Protein chains: 2
Amino acid sequence: MTDPTPSPDLLAGYRQAPFAEDCAPRRLLKLFSGKWVTMILHALHISGGSARPGALQRNLPGLSKKMMTQTLRDLQTAGLVERVVIQTMPPNVEYRLTALGQRFIEPLEMLYCWGVRHADLLQQLGQQPD
Amino acid sequence: MTDPTPSPDLLAGYRQAPFAEDCAPRRLLKLFSGKWVTMILHALHISGGSARPGALQRNLPGLSKKMMTQTLRDLQTAGLVERVVIQTMPPNVEYRLTALGQRFIEPLEMLYCWGVRHADLLQQLGQQPD
DNA sequence: CTGTATCCTCAGAGATACTG
DNA sequence: CAGTATCTCTGAGGATACAG
């Protein structure tokens, strides 16, 4: 096609509000943009929906105590995770995915699965200064 | 201890390398973590796979010239986008998704579609200090 | 073991102005 | 219109030390 300009019709659905800063997809990406957010959600998920801080940190090499707590706090205020204190012999803390949090596991696992299945593509990526 | 720890078997596949810093899913998340990366890829996609700089900027409100060029450069080095100079009357520039870039449209659109379909969930999110 | 409080660094991102 | 070059600044992220 000699015409570099793409058919404007393709943009029809986006014309009114092309890519508003607060559109739904952007929020999702924003939510997943934190360095540890997805890791923690994923870790909680494969741990059966809940885990204790110690276990979390052990499962996520490189995760500092500070970032863990901070991310968990953010996830709490977002309503994706809840802090549960278990009154056993030595009282123990546990973080658990909320119902809302469970919903966001879906797109997250989609991404993770895609990434795993297409690891070859991801390795083809030119190394950007990281 | 009473061991609230979930069945370790669930973690079987992740035990050896729990969440290495350079695992495939992480790279995908990392790639999508840039503020404008997904926007630009998506914009290119819905524009038919290629677009001129001016059009891109017009379609992505808030995108500065600098960030556009910079992001496009990153995408070029990553091999997802190619710069094409069209030798027409007034020579014009065009950015086009490469074959590799096309592959990454898939997970991207998955996310975007999910976000659009679940806009309600995204609005339920507690407003974190943005 | 869980959680908090400081301090520091550096990269992402924007604004501006200048050059083919 | 496309692209580059500075300058600045916020803030995410990390290290460390401290407290329940």
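Computed from heavy atoms alone, side chains included, the values below leave out hydrogens, waters and symmetry copies. Every chain is numbered from 1, with letters handed out A, B, ... down the list of sequences. The shown structure was predicted, so the numbers you read here are calculated from the model rather than taken from an experiment.
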Interatomic distance, [X] [atom1] vs [N] [atom2] [rounded to whole Å]:
X	N	atom1	atom2	answer
A:Met68	C:dC1	CE	P	11 Å
B:Leu29	D:dG13	CG	P	12 Å
A:Met39	D:dG14	CE	C1'	15 Å
B:Arg52	D:dA2	CZ	P	7 Å
A:Lys65	C:dT6	NZ	P	17 Å
A:Arg58	C:dT2	CZ	C1'	13 Å
A:Arg73	C:dT2	CZ	C1'	11 Å
B:Met67	D:dT10	CE	P	17 Å

A:Glu82 versus A:Thr98, side-chain donor and acceptor atoms under 3.5 Å: no
Main-chain N/O of B:Ser50 paired to B:Ser47 side chain as donor or acceptor, under 3.5 Å: no
Over all atoms of both residues, closest heavy-atom pair of A:Leu63 and A:Gln57: O-NE2, 3.2 Å
Closest non-hydrogen atom pair, A:Thr38 against B:Arg26: OG1-NH1, 3.5 Å
Which residue lies more 5' along DNA chain C, comparing A:Leu72 with B:Thr71 via nearest heavy atoms: A:Leu72
Phosphate contact (D:dA12 OP1 or OP2) by A:Trp36 side-chain N/O below 4.0 Å: no
Under-4.0 Å side-chain N/O to phosphate OP1/OP2 contact, B:Lys35 with C:dG14: yes
Pairwise 5' ranking along DNA chain D for B:Lys66 and B:Gln57, keeping only the more 5' one: B:Gln57
